[in-house]
Structure formats: structure tokens, C-alpha cells
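For reference, the structure discussed in these notes is given below.
Throughout, numbering of the chain's residues begins at 1 and tracks the sequence. This structure is a prediction, so every number in the text was calculated from the model and none was measured.
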Amino acid sequence: MKKISVLMALILALLALAGCGAAGNSGSSMSNSGSSSAPAMTLEGTPSEIIDKIYAGAPEDLEYPMMLATSEITEDNSTYMVGVERSEYKEGAVSESMVGSIAYSMAVLRANDAAGAQVLADSVKEKVDPRKWICVEAETVNTAVIGDVVFMVMADQATADALTASFEALAQA
């Protein structure tokens, strides 16, 4: 019941945000598929708020790890969380299970500028450790970019693909 209430609150917040700011945004997402120019649009909100939007847009039947928590990425934990130094981006947040042996991590970073976002995404994909948990490894690492926002998820393939699609759909909002 609590999970449904939280999901409903997230959906209402997403609808309110979409109604207030989506009219001026246009463009498309860019992932690691080889596109060479950054889109003109960007996503509004903090990295934590963008993570909430990704969860709100994900399929309802997607099974998440237990006890998910979203927290700010700091100078002390940046390399562990996303593989790069905190000085390489403006701000970031990560959503992970509070149970240490579950191979799941989703992060959103705001690059220093849109032109450097794809370089940051490529660096994260190359340097992040999909075996950072005790005795488990993420099946895949996906990254994608919208404007100056970099998305990264480490999880099983189905979960990673669903969350990547939810992130990329934010470019259409």
C-alpha cells in the first residue's frame, strides 16, 4: 500500500512538472549509439528529481530491488558510485538498494555543459565498476544523455533497458 501511495505521489508530481515546463522543450535524447552532436534541450530539476521522473515513467510491473534509496553523490563516494571524480560534473544523485549485495544502481549526473555530456557518459560507462557489490555483478551498464544530463544504470538487462527507455522518454515530455 505504501509503495502505491509513493508511486501515485510521484506521478502527480511528474504531471505537475510536465504541465509547468514542457511547452518550451523540444529535441531528442542521445545515447551511446554514436550520435555526434548534443541535443539542444535539457531536463529541468535536480538529479534526484530526475530519478523520481524516471521511476514514475517506468513500466508498472517492473520489479525493483528492495529498500531503494536516492542520495546525493559526493566527492567521497563519486568514484565508487559512477567511476569518475566528482569534479568532472556539476551535481549528481544515485538510487541504490540499501541491501549491499544487490547488483543495482541508477545515477543521474548534470555535466558541466551539454557539449561535454557525451564524453562524461562514455567515461562513466568505461570506468564504473559493475562488480562493486559483495559477490554479485550487474548484468549490464547502460548510459544515455539528454542535453547536459547523463544517465547511468547497472542492473539486469530487462531492468536496465526499461529504465533507459523511461529516461529517454523524458526528452519527449
Does a side-chain heavy-atom distance below 4.5 Å link S48 with E72? no
What I want to find out is whether R86 reaches E75 closely enough, with some N-O distance under 4.0 Å, to be called a salt bridge. no
Between S95 and Y104, do the side chains contain a donor N or O and an acceptor N or O under 3.5 Å apart? no
Heavy-atom closest pair (A138 atom, A103 atom, distance to 0.1 Å) is N-CB, 3.6 Å
Is E96 paired with K132 through a side-chain N to carboxylate O contact shorter than 4.0 Å? yes
Would you kindly confirm whether V141 and V136 end up in one hydrophobic cluster when ILVMFWY residues are joined by side chain heavy atoms under 4.5 Å apart? yes
Are side-chain heavy atoms of Y55 and S166 found at a separation under 4.5 Å? no
Quick one: are T79 and V84 in side-chain contact, heavy atoms under 4.5 Å? no
To the nearest 0.5 Å, what is the distance between CZ on F167 and CD1 on I51? 10.5 Å
Do V99 and M106 belong together in a cluster built from hydrophobic side chains that touch within less than 4.5 Å? yes
S71: which residues meet the side-chain contact (heavy atoms from CB on, under 4.5 Å) condition with it, sequence neighbours left out? V94
Quick one about T74 and N77 (side-chain donor to acceptor, distance below 3.5 Å, no hydrogens or angles considered), yes or no? yes
Within this structure, what is the CG-OG1 distance for the pair D52 and T46, rounded to the nearest 0.5 Å? 7.5 Å
Test your reading of the model: is there a side-chain donor-acceptor pair from T164 to the backbone of A160, 3.5 Å cut-off? yes
Which atom names give the shortest non-hydrogen contact between I73 and A107, and what distance separates them? CD1-CB, 4.3 Å
CE of M152 to CG of L120: how many Å apart, nearest 0.5 Å? 10.5 Å
Show the nearest heavy-atom pair for residues S105 and W133, with the distance to one decimal. CB-CZ2, 3.8 Å
For the residue pair M154 and T140, establish whether any side-chain heavy-atom pair is separated by less than 4.5 Å. no
Taking C-beta and beyond as the side chain, do E168 and F151 meet within less than 4.5 Å on heavy atoms? no
Using every non-hydrogen atom in the two residues, find where D113 and G116 come nearest and quote the distance to one decimal. OD1-N, 2.7 Å
Under a 3.5 Å distance rule, please check whether S97 uses its side chain to pair with a backbone N or O of M66 as donor and acceptor. yes
Do L109 and Y80 share a hydrophobic cluster (ILVMFWY, side-chain heavy atoms under 4.5 Å, transitive)? yes
Under a 4.5 Å cut-off applied to non-hydrogen side-chain atoms, are L170 and I50 in contact? yes
Under 3.5 Å, is there a donor-acceptor pair between the side chain of E139 and the main chain of Q157? yes
CD1 (I134) and CD1 (I102) are apart, to the nearest 0.5 Å, by 12.0 Å
Taking R110 for the side chain and V150 for the main chain, is one N or O donor matched with an acceptor at less than 3.5 Å? no
Please round to the nearest 0.5 Å and tell me the distance separating atom CG of D129 and atom CD of E137. 8.0 Å
Determine the sole option in L163, D161, T159 for which the side chain to side chain contact (heavy atoms under 4.5 Å, CB included) test with N142 is passed. D161
Using side-chain hydrogen bond (donor to acceptor under 3.5 Å, both in side chains) as the criterion, list what pairs up with S78, not counting sequence neighbours. Y89
Side-chain donor/acceptor of K127 to backbone N/O of V82, under 3.5 Å: no
